[in-house]
Amino acid sequence: MELLSQIFHTLINTLYDVIPIAVIIFGFQFLVIRRPIPNLKRVLIGFIYVLVGLSLFLLGLEKALFPLGRLMAEQLTNPAFIYDGLESALQTLHWADYYWVYIFAFSIGFSTTIAEPSLIAVAIKAHEVSGGAIGVWGLRIAVAIGVAFGISLGSYRIVTGIPIHYFIITGYVIVVIQTFFAPKMIVPLAYDSGGVTTSTVTVPLVAALGLGLAETVPGRNALIDGFGLIAFASLFPIMSVMAYAQLSEYRARHSQ
Amino acid sequence: MMGSLRDLLPIILVIAFFQLFILQQAIPNFLDIIIGTLFVIMGLTFFIYGLEMGLFPIGESMANAFAHKGSVVWLLIFAFALGFGTTVAEPALIAVALEASQVAANGGMIENTAESMKSYASGLRYTVAFSVGLAIVIGVVRILKGWSIQYMIMGGYGLVVIMTAFAPREIIGIAYDSGGVTTSTITVPLVTALGIGLATAIKGRNPMIDGFGLIAFASLTPMIFVMGYGMLI
């Protein structure tokens, strides 16, 4: 019974998110375009599927993965866990002592990105538009590696306290250089993949990790240093997707 | 269904591995977790179906209709409405705006009262939503004109770097993050379909080169506008 009311509650919440979009789309369709929508029935059923799917997805995440993921982020950043095995807790911690945090950051970044619905959507489109040249899984794995690397580096930044803009500006410089050498076709898609990666699944878990770390590491302020992981997660996929295209191009050229 | 299971397998493995081997703790509420995971798998399956049946076709058919109607003004108004409307109600953005108002209050940028924090948060929300609307408009104009994306994005990066030097230090992390959180799960497929539909309908545009890129603008402008907001207030 409780489960049913939870499902209903999530459905209503998702409905609130979808309503503005539906109003804009159908408003413009009827008032400005003034033409019947092709396959209207099919489109409406599609919208209902999206609504139901997203509600179930969010509810499931909230019931299963988020509590565990948040708890784990807290436990892994807990000093008791990190100090464990060290001779004295009084000694200042070296950044390398947080190695489990980095490994966790990497794997959680990778795995949540693989499950990210909006990335699946973009990968399907890219596969279709490129005539199969860009593989759905190839793109998703490339993006996931970028996110994983970005979040690990972002955790390292929180631990060491180096200002975020050094990393981001260096990242921009690399992106700009890579843009000149990457195949022209991939550039817009690579830029897009930066924004796409961080949504429903990744953001809550990554935010928990960032806040947990910033609260634990001495000298960090949760409100200032806890942010910024998302920025890393949206910058590095740009590089990894361009690298993926460069690699495929290189391999295609050398296999002939 | 099998596809969704495969999409979720990595995350399940990661959590199970860390829980059982590294933290060495039993998984609490095991039943809840099984039910939740089933929900996630079913939800993802439905979502992907709905995507191909509803969101993609409508995005493309609207792009097509606008392109044939030839009314640039209406297209741009639609682009702005889509960007603004989908962002302003985005739960992730509401959460970030609230946190930002706390940072601002702690840093003494605004008065530490519920009233001023609330107005700061909603001001920030509208700023970001406006910037996303503007981003989609810029992106659509780019598709219409066939400008190449890299110089525009680099220009944006340049602006971000310059603004970083002048913006209050407390706001920088939030500003950088706000670029990533604005684009939601429903907005991304729609906006992507819109861009590709436009690039397909207009002669001389390549959907691969011109069709993508709208999301890139939508994740860049919020950074600039949030830092600007931090500097002004």
Side-chain angles (χ1 to χ4, degrees), chain A residues 20-21 24 28 32-33 35 38 42-43 45-47 49-50 52-54 56-57 59-61 63-64 68 72 75 100 104 107-108 111-112 114-115 117-118 121-122 125 129-130 164-165 168-169 172 176 179 185 187-189 191-192 194-196 198-200 203 223-224 227-228 230-231 234, chain B residues 7-8 10-11 14-15 18 23 32-33 36-37 39-40 42-44 46-47 49-51 53-54 57-58 61 65 74 78 81-82 85-86 89 92 103 106 149-150 153-154 157 161 164 170 173-174 176-177 179-181 183-186 188-189 192 196 207-209 212-213 215-216 218-219:
Chain A
I21 301 174
I24 292 167
F28 272 85
V32 180
I33 296 179
R35 275 204 313 201
R42 211 179 128 81
V43 168
I45 295 176
F47 262 77
Y49 274 178
V50 165
V52 171
L54 208 56
L56 283 178
F57 188 73
L59 184 64
L61 286 178
K63 270 187 102 61
L68 261 186
M72 287 164 66
Q75 286 170 339
W100 276 119
F104 180 71
S107 24
I108 207 82
S111 57
T112 52
I114 292 290
S118 39
V122 168
K125 266 284 154 227
V129 169
S130 68
I164 183 169
H165 47 268
I168 299 292
I169 292 171
Y172 283 169
V176 168
T179 302
M185 195 184 80
V187 171
L189 179 63
Y191 287 163
D192 263 7
V196 165
T198 44
S199 63
T200 336
V203 171
L223 283 172
I224 295 177
F227 292 98
I230 310 285
S234 17
Chain B
D7 295 334
L8 291 162
I11 197 171
V14 166
I15 290 191
F18 272 87
L23 296 164
D32 258 14
I33 289 181
T37 311
F39 275 9
V40 173
M42 277 186 340
L44 197 58
F46 270 116
F47 178 79
Y49 264 114
L51 203 67
M53 280 175 70
I58 193 134
S61 90
W74 276 115
F78 174 70
L82 195 64
T86 56
V103 174
N106 286 11
I149 190 170
Q150 49 264 49
I153 295 288
M154 285 174 202
Y157 284 170
V161 172
T164 303
E170 291 83 7
I174 295 169
Y176 285 175
D177 269 5
V181 296
T183 43
S184 80
T185 314
I186 300 170
V188 166
T192 308
I196 290 171
M208 198 61 213
I209 292 181
F212 288 101
I215 310 285
S219 30

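Order of the sequence lines sets the chain letters (A, B, ...), proteins ahead of strands, with each chain counted from 1. Just so it is clear, the structure is predicted and the values come from calculations on it, not from any experiment.
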Original post:
In terms of heavy-atom pairs under 4.5 Å, which option from A:I108, A:V52, A:L189, A:L61 contacts chain B the most?
Top reply: A:L189

Original post:
Considering all heavy atoms of both residues, which atom of A:I24 and which atom of B:G85 are nearest to each other, and what is their separation?
Top reply: CD1-CA, 3.9 Å

Original post:
Do the side chain of A:D192 and the main chain of B:I215 share a donor and acceptor less than 3.5 angstrom apart?
Top reply: yes

Subject >> Residues which pass ring pair (Phe, Tyr, Trp, His ring centres under 6.0 Å) with A:F104, listed by chain and number, not counting sequence neighbours >> reply: B:F18

Original post:
At a heavy-atom separation under 4.5 Å, does B:L51 approach chain A through its side chain, its backbone, both, or neither?
Top reply: both

**OP:** Would you mind reporting whether A:V32 and B:F78 have side-chain heavy atoms less than 4.5 Å apart?
**Re:** no

Original post:
Is any side-chain heavy atom of B:L82 closer than 4.5 Å to a side-chain heavy atom of A:F28?
Top reply: no

Original post:
At a heavy-atom separation under 4.5 Å, does B:I209 approach chain A through its side chain, its backbone, both, or neither?
Top reply: both

**OP:** Output the option from A:I21, A:L54, A:I33 having the highest count of non-hydrogen pairs under 4.5 Å with chain B.
**Re:** A:I33

Original post:
If you take all heavy atoms of B:P10 and A:I114, which pair is closest and at what distance?
Top reply: CG-CG2, 4.0 Å

Original post:
Given that the side chain runs from C-beta out, which part of B:T164 has a heavy atom under 4.5 Å from chain A: side chain, backbone, both or neither?
Top reply: side chain

**OP:** Determine the option with the most heavy-atom pairs under 4.5 angstrom with chain B, choosing from A:F47, A:Y172, A:F57, A:Y49.
**Re:** A:Y172

Original post:
Between A:P20, A:S234, A:S107, which residue shows the highest count of heavy-atom pairs closer than 4.5 Å to chain B?
Top reply: A:S107

Subject >> Selection from A:S118, A:P188, A:G228, A:A231 maximising heavy-atom pairs under 4.5 Å formed with chain B >> reply: A:P188

Original post:
Top residue by heavy-atom pair count (under 4.5 Å) with chain A, among B:F47, B:Y49, B:Y157?
Top reply: B:Y157

Original post:
Nearest heavy-atom pair of B:F212 and A:V122: which atoms, and what distance?
Top reply: CE2-CG1, 4.2 Å

**OP:** Apply the side chain to side chain contact (heavy atoms under 4.5 Å, CB included) test between A:S111 and each candidate in B:I15, B:D7, B:I11; give the one that qualifies.
**Re:** B:I11

Original post:
What are the two closest non-hydrogen atoms of B:G43 and A:L56, and how far apart are they?
Top reply: CA-CB, 3.7 Å

Subject >> Side chain, backbone, both or neither of B:V188 within contact of chain A (heavy atoms, under 4.5 Å) >> reply: side chain

**OP:** Could you tell me which non-hydrogen atom of A:V129 sits nearest to which non-hydrogen atom of B:M208, and how far apart they are?
**Re:** CG1-N, 3.7 Å

Original post:
In terms of heavy-atom pairs under 4.5 Å with chain A, which of B:I58, B:T37, B:L8, B:T192 leads?
Top reply: B:I58

Subject >> Which portion of A:T179 sits near chain B, non-hydrogen atoms under 4.5 angstrom >> reply: side chain

